[in-house]
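Structure record follows, encoded as structure tokens.
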Amino acid sequence: MNGHTLYSIGELARRTGATVKTVRFYSDCGLVPPADRSPAGYRLYDNGAVARLDFVRTLRDLGLDLAAIRKVLDRELALSEVAEAHADALDVQIRILRLRRAVLTAMARRGATPEEATLMHHLAQLSEVERQRLVGEFLDAAFSGVGTGSMLAGIMRSMTPELPDNPDTEQVQAWVELAELSQDPNFRALLRHMAEEELAGHIHGATPALHSDLTAIVRDQIAPALAAGIEPASLQADPIVAVLMTRCAHLLDCGDDAGARCRLLVRLERVNDPRRERYLSLLAVINGWPEPESLRPVLDWAVHALRARIHG
């Protein structure tokens with residue numbers, strides 16, 4: 001071999017840190033062919049085999065299959081093309097692993113039953129098209145036919161989750177929980193009733209957001225009383241409830257009487273449903289929006305105040 005240094009399988013293994021079995025395997029596959037044979041017929045390798053074996057092992061460690069490695073070595077494929085394709089494949093695997101981790105974490109936190117675990121696994125693995133179909137069916141059931149086209153579009157847009165291409169664990173967990181919640185027929189009926197009430201008192205020309213007017217009024221009127229420690233059933237709360245009724249009169253289409261207070265109470269109880277606030281919180285996580293303000297304290301206060309005055 002013109003004076004070139006040649007190595008036996010054992011020597012090549014020692015120089016590269018591989019096992020003899022590994023060297024023999026890649027040699028048998030033709031990925032690291034011998035440069036010559038000894039008089040006794042044993043395979044001998046040159047310095048090129050050292051570099052070639054190191055390269056093959058590197059590509060294998062990165063997850064490339066033998067067929068792809070062979071094409072790279074034979075220059076049938078550019079390494080950059082193989083690397084790009086493999087990186088894309090790894091992206092898919094990473095997304096799958098994230099989904100699995102998120103589902104397992106959610107199962108552990110919730111103590112999920114086998115049935116819940118199956119549903120969560122299914123929801124996490126939906127494709128983008130399947131997620132859009134599920135969300136579209138939910139929004140149609142909750143809002144279709146309510147209000148005009150532009151008004152309806154505004155509400156649906158504000159309620160639509162859009163899971164990013166590379167969601168983090170928290171976003172995947174939020175998506176699974178939101179998807180489960182969206183399948184609750186009672187929750188769908190609740191949202192539909194709320195939308196009908198919202199649009200009934202909607203001011204022409206404004207963009208509606210589900211119960212934004214009502215919750216804004218309650219927050220503005222009740223938050224100071226809550227901060228001051230005023231009990232909702234106390235005499236001190238009477239003028240606060242009176243102002244609240246006045247501010248909400250345009251939504252109730254009546255003044256401050258027993259019937260109006262009953263109607264407002266029913267509406268506030270719907271708005272205060274914990275599923276609504278949970279949906280909005282999950283929606284914010286999925287879409288990367290700021291965490292919405294919790295209105296439960298002021299809504300609880302208003303509900304208790306109205307109940308005390310209606311039922312004595």
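Bear in mind that the values here come from a model prediction, so they are computed numbers and not experimental data. FYI, side chains are in, hydrogens and waters are out, and symmetry mates aren't considered; it's all heavy atoms of this structure.
Of the possible donor and acceptor atoms, one in the side chain of Thr160 sits under 3.5 Å from a partner among the backbone N and O of Met156. Between the side chain of Arg219 and the backbone N or O of Val298, no donor-acceptor pair lies under 3.5 Å. Counting only distance, with no hydrogens or angles, the side chain of His304 and the backbone of Asp300 share a donor-acceptor pair below 3.5 Å. Checked by atom type and distance alone, the side chain of Ser27 never pairs as donor or acceptor with a backbone atom of Arg24 at under 3.5 Å. Without hydrogens or angle criteria, Arg15 side chain to Tyr7 main chain gives no donor-acceptor distance under 3.5 Å. One N or O on the side chain of Gln171 and one on the backbone of Asp168 form a donor-acceptor pair closer than 3.5 Å. No donor-acceptor distance shorter than 3.5 angstrom exists from the side chain of Asn287 to the backbone of Pro161, with no hydrogens or angles considered. Tyr279 contributes a side-chain N or O that, together with a main-chain N or O of Met159, makes up a donor-acceptor pair within less than 3.5 Å.
Atom CD of Glu269 has more than 12 heavy atoms from other residues, nucleotides or ligands within 6.0 Å. For Glu170, the CD atom sits in a loose shell: 12 or fewer heavy atoms of surrounding residues, nucleotides or ligands are nearer than 6.0 Å.
Heavy-atom minimum distance, Glu277 versus Leu295: OE1-N, 3.3 Å. Scanning all heavy atoms of the two residues, the minimum distance from Ser8 to Glu11 falls at N-OE1, 2.9 Å. Residues Pro232 and Ala237 approach most closely at O-CB, 3.5 Å, considering heavy atoms.
Atoms CZ and CG, on Arg267 and Leu214 in that order, are 5.5 Å from each other to the nearest 0.5 Å. Atom CG of Leu6 sits about 11.0 Å away from atom CG of Leu12, to the nearest 0.5 Å. Note that the CG atom of Leu73 and the CG atom of Leu59 stand 7.0 Å from one another [nearest 0.5 Å]. Rounding to the nearest 0.5 Å places CZ of Phe55 at 13.5 Å from CZ of Arg60. With values rounded to the nearest 0.5 angstrom, Leu268 atom CG is found 13.0 Å from Arg263 atom CZ. We find the OG1-CD distance between Thr246 and Gln221 to be 9.0 Å, quoted to the nearest 0.5 Å.
Using a 4.5 Å heavy-atom threshold, the side chains of Trp301 and Ile240 count as touching. Between Asp36 and Asp46, every side-chain heavy-atom pair lies at or beyond the 4.5 Å cut-off. Counting only heavy atoms from C-beta outward, the side chains of Arg70 and Leu31 approach each other to under 4.5 Å. Using a 4.5 Å heavy-atom cutoff, the side chains of Leu66 and Cys29 are in contact.
Under a hydrophobic clustering in which Ile, Leu, Val, Met, Phe, Trp and Tyr are joined whenever their side-chain heavy atoms come within less than 4.5 Å, directly or via other members, Leu265 and Leu190 fall into the same cluster. Phe25 and Tyr42 fall into different hydrophobic clusters, where Ile, Leu, Val, Met, Phe, Trp and Tyr side chains are chained together by heavy-atom contacts under 4.5 Å. Under a hydrophobic-cluster definition in which Ile, Leu, Val, Met, Phe, Trp and Tyr are linked whenever side-chain heavy atoms come within less than 4.5 Å, directly or via other members, Met245 and Ile230 are assigned to the same cluster. Clustering ILVMFWY residues whenever any of their side-chain heavy atoms sit less than 4.5 angstrom apart, transitively, puts Val20 in the very cluster that holds Val56.
Each of Arg275, Arg270, Arg276 was checked for a side chain to side chain donor-acceptor pair (under 3.5 Å) with Asp273, and the lone residue meeting it is Arg275.
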Could you walk me through whether Val285 and Trp175 pass the side-chain contact (heavy atoms from CB on, under 4.5 Å) test, one step at a time?
CA-CA 9 Å; Val285 172; Trp175 156 252; over 6 Å; no
Quick one: side chains of residues 132-146, donor-acceptor pairs under 3.5 Å with protein atoms, not counting sequence neighbours, listed by atom name and distance.
residue : atom : partner : partner atom : Å
Gln132  : NE2  : Glu128  : OE2          : 3.4
Glu137  : OE1  : Arg188  : NH1          : 3.3
Glu137  : OE1  : Arg188  : NH2          : 2.7
Glu137  : OE2  : Arg188  : NH1          : 2.9

